[in-house]
Amino acid sequence: MIINQDVEDYINKSVLCWLATVDEDNAPNVSPKEMFAYYNGTTVLIANIASPGSARNIRHNPRVCVSFVDVFVQKGYKLKGTARIVDNTDASYPDKVRFLTDLFTDKFPINEIFEITISKVEPIRAPSYLFFADTTESGQIESAMRRYRVESLRPTDG
Ligand SMILES: Cc1cc2nc3c(=O)[nH]c(=O)nc-3n(C[C@H](O)[C@H](O)[C@H](O)COP(=O)(O)O)c2cc1C
């Protein structure tokens, strides 16, 4: 299982992933995707709702990189692999669409699914974790909450 429990947890905790592809001139392209999910020990699924550039690139060159971080903990992963386009001609398309709509929403049409088989996993850590031995996850969460100006989620009286 190349995608271990910690990677799966970070996929679930990260609101967005960033999908990097390359075009026919090897120019890089990166765009955010919210509908992305752990599928099994080697596979991640991403919904193509509005990503014609990524789809075009994957058809030309299936090598991709997907990165994501929990912006509060400030840790995440970079996954490299090979994408396959699953469209409505594929027998697995209905099940995979349902898998994603059950996890997220069915209010967007899913044209296709990018099914990514992962071959390499690299952790991403904020530099504080590397340079300052006293860095803790709770400290990072607190400072990120301040930086992103996150107010308490507790409802106010009245
Ligand atoms: C917060 C956010 C979430 C998004 N989630 C998705 C998504 O799950 N799937 C998708 O296809 N596009 C999604 N998009 C839209 C694409 O990132 C956007 O259309 C982008 O320009 C596509 O570029 P591309 O065609 O080069 O992939 C999202 C955009 C934002 C800002």
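Ligands are counted one by one from 1 in listed order, and the atoms in each one are counted from 1 as well.
- In this structure the side chain of Val73 reaches within 4.5 angstrom of the side chain of Ile141, judged on heavy atoms.
- A heavy-atom cutoff of 4.0 Å around ligand 1 is satisfied by the protein residues Leu16, Asn29, Ser31, Pro32, Lys33, Glu34, Met35, Ala47, Asn48, Ile49, Ala50, Ser51, Pro52, Gly53, Ser54.
- For the salt bridge (Lys or Arg N to Asp or Glu O under 4.0 Å) test, residues two or more places apart in sequence or in another chain that qualify with Lys75 are Glu137.
- Residues that satisfy the side-chain hydrogen bond (donor to acceptor under 3.5 Å, both in side chains) test with Asn111, not counting sequence neighbours, are absent from this structure.
- Looking only at side-chain heavy atoms (C-beta outward), Ile3 and Thr42 stay at 4.5 Å or farther from each other.
- Applying the side-chain hydrogen bond (donor to acceptor under 3.5 Å, both in side chains) criterion to Arg59, with sequence neighbours excluded, gives Glu112.
- Taking the six-membered ring for Trp, Phe68 and Tyr10 have ring centres at least 6.0 Å apart.
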